[in-house]
There are 2 protein chains.
Amino acid sequence: MTLADALQEPTTQEKILDAAERLFADNGFAGTSVRAITAEAGVNLASAHYHFGSKEALIRMVLSRRVEPITQERLHLLEACLKEASAGLPSLEAIVEAFIGPAVRLSLDPQRAIFMRLMGRVHSEAGDFMPQLLHELFSVTAKRFHQALQVALPGFTEEELFWKLNFMVGAMAFTLAAPQAIEKVTRGHCDPADAETVLKHMKAFVTAGLRAEVAR
Amino acid sequence: MTLADALQEPTTQEKILDAAERLFADNGFAGTSVRAITAEAGVNLASAHYHFGSKEALIRMVLSRRVEPITQERLHLLEACLKEASAGLPSLEAIVEAFIGPAVRLSLDPQRAIFMRLMGRVHSEAGDFMPQLLHELFSVTAKRFHQALQVALPGFTEEELFWKLNFMVGAMAFTLAAPQAIEKVTRGHCDPADAETVLKHMKAFVTAGLRAEVAR
DNA sequence: GTACAATTTAAACGATTGATTGAAACGTTT
DNA sequence: AAACGTTTCAATCAATCGTTTAAATTGTAC
């Protein structure tokens with residue numbers, strides 16, 4: 001039945017999650033109605049509440065479904081490059097790659113690119129439960145990479161590294177959230193579909209920024 | 001009458017704009033109703049449509065009211081530092097200061113800080129008219145600073161400078177959009193109210209990123 | 001085939017949305 | 001004080017919102 005499973009159309013739950021992801025990325029959470037989601041998914045209106053209970057629970061599911069794999073890959077890559085350099089200092093380039101690599105590369109897949117656009121939006125959706133949800137999704141990742149930066153960049157205070165981490169996240173989130181912005185502003189000079197090109201420029205910028213001395 | 005003007009309470013239009021700015025920053029555009037705005041402003045519901053015509057027109061007015069002064073100051077500072085270095089190369093630090101200085105410093109004023117939070121949100125609100133509105137608000141600024149970077153950083157291609165400009169905007173927008181994120185993640189180690197501290201860290205990170213060599 | 005659970009369906013609930021109306025209240029000018 | 005244009009007011013419009021209900025349908029085990 002595995003072949004049939006692969007060929008048969010996706011579950012109602014999956015159709016709802018995919019449609020919600022697409023519409024949330026385009027119109028935001030408040031700007032997307034459950035009716036629009038179920039219509040886009042081609043399922044009945046009540047199916048959404050039957051499978052997820054509420055719109056808020058659907059939002060949480062849409063986000064956690066994609067964040068979890070990215071987090072796993074980030075932490076796995078980070079641990080690998082920390083172990084590899086157990087003797088000396090871990091490579092800053094490897095740490096940066098472990099953080100922005102999984103996110104940028106996933107944006108190659110068109111379906112995942114939609115989610116990246118959604119993630120950029122999420123950071124500014126300061127609704128009632130969103131801050132707590134963001135903390136649940138990213139607190140472990142933030143803490144681990146902050147610790148790694150402390151090892152790789154001795155001489156910087158904890159506070160300085162918090163700021164640097166924040167700027168790295170900002171540069172990445174902004175770029176992934178609005179791929180059309182680059183295309184617009186460069187009038188076609190850049191190819192936003194090429195993840196390796198994005199990574200090349202972003203890693204150069206971020207690693208230099210992380211190493212930058214701060215006036216005391 | 002100038003003294004009386006200064007002391008008397010703000011116009012209905014101003015009360016609506018201030019309330020809209022506050023609520024838009026907290027709940028987004030789709031998440032804020034005209035009723036909530038007029039209630040927060042303490043004016044009648046119909047006043048909003050009387051003075052602005054529609055919710056969309058109100059959004060445009062809320063944004064343009066604050067962006068215009070920032071744009072003016074940015075372009076003024078940029079022209080000043082380009083003239084000062086008419087002989088040699090303009091200082092990259094001065095260009096960065098001209099771009100992020102006005103935005104960050106305005107976030108000292110509590111009222112303006114609300115708008116900065118709103119601006120961070122705007123970049124990811126990709127509604128129907130928002131991309132065009134963003135282009136109207138920032139296209140001149142983006143073009144001018146891109147040209148300035150071409151002068152200050154010879155040896156980089158146009159494309160590379162587009163990416164660097166993009167990362168700078170991202171690092172800045174993300175930081176200004178979620179001042180509570182820094183506070184949360186640092187558990188009080190940083191004081192987000194101190195604009196000069198933010199500027200110090202951001203300028204160090206951004207200038208280093210701008211100067212970074214990109215692998216060919 | 002029958003019984004039982006899981007799922008989908010159409011229809012409707014009260015609440016809230018952006019927008020509109022016409023009359024009342026306002027400030028200014030004559 | 002009378003007349004005028006501007007602004008505010010309460011009331012209401014059709015439309016849409018998230019959610020709920022109960023019946024119809026499907027899938028599964030006996």
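None of these values were measured; they are calculated from a predicted model. Lettering follows sequence order; numbering is per chain, from 1.
Computed from coordinates, the Leu45(A) CG to dA11(C) P distance equals 13 Å when rounded to whole Å. In this structure, the NZ atom of Lys15(B) is 14 Å from the C1' atom of dC9(D), given to the nearest Å. Taking atom CZ of residue Phe29(B) and atom P of nucleotide dT17(C), one finds them 17 Å apart after rounding to whole Å. When rounded to the nearest whole Å, the span between CG of Leu58(A) and P of dT19(D) equals 10 Å. For His51(B) and dA19(C), the NE2 to P distance is 16 Å, given to the nearest whole Å. Atom CZ of Phe52(A) is separated from atom P of dT20(D) by 16 Å (rounded to the nearest Å). Between the NE2 atom of His49(A) and the P atom of dT9(C) there is a distance of 16 Å, given to the nearest Å. Separating the OH atom of Tyr50(A) from the P atom of dT26(D) is a distance of 16 Å, rounded to the nearest angstrom.
The aromatic rings of Trp163(B) and His201(A) lie parallel to each other, with less than 30° between the two planes, well short of the 60° mark.
Comparing Thr12(B) and Arg35(B) against DNA chain D, the residue whose closest nucleotide sits nearer the 5' end is Thr12(B). Ranked by how close their nearest DNA chain C nucleotide is to the 5' end, Gln13(A) and Lys55(B) are led by Gln13(A).
Between dT16(C) and Ser33(B), no contact under 4.0 Å exists linking OP1 or OP2 to a side-chain N or O.
Between Glu40(A) and Lys15(A) there is no salt bridge, since no side-chain N of the basic residue sits under 4.0 Å from a carboxylate O of the acidic one.
Of the candidates dC9(D), dT9(C), dG18(C), the closest approach to any side-chain atom of Ser47(B) belongs to dC9(D). Considering only side-chain atoms of Asn44(B), the nucleotide from dT19(D), dT8(D), dT8(C) that sits closest is dT8(D).
Residue contacts for Thr11(A): at a heavy-atom cut-off of 4.0 Å it reaches no nucleic acid atom on any strand shown. Across all strands shown, Ala46(A) has heavy atoms under 4.0 Å from base atoms, whether or not it also approaches the sugar-phosphate. Residue Thr32(B) is in sugar-phosphate contact alone, with no base atom involved, counting any heavy-atom pair closer than 4.0 Å across all strands shown.
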- Message: Checking Glu97(A) against Lys203(A) for the salt bridge (Lys or Arg N to Asp or Glu O under 4.0 Å) test, could you report, in this order, the C-alpha distance in whole Å, the side-chain angles of both residues, the deciding distance, and whether it holds?
- Response: CA-CA 7 Å; Glu97(A) 162 70 30; Lys203(A) 281 164 67 174; 2.9 Å; yes
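Around the CZ atom of Arg60(B), the shell of radius 6.0 Å holds more than 12 heavy atoms that belong to other residues, nucleotides or ligands.
Side-chain atoms of Thr11(B) do not come within 3.5 Å of backbone N or O of Glu14(B) as any donor-acceptor pair.
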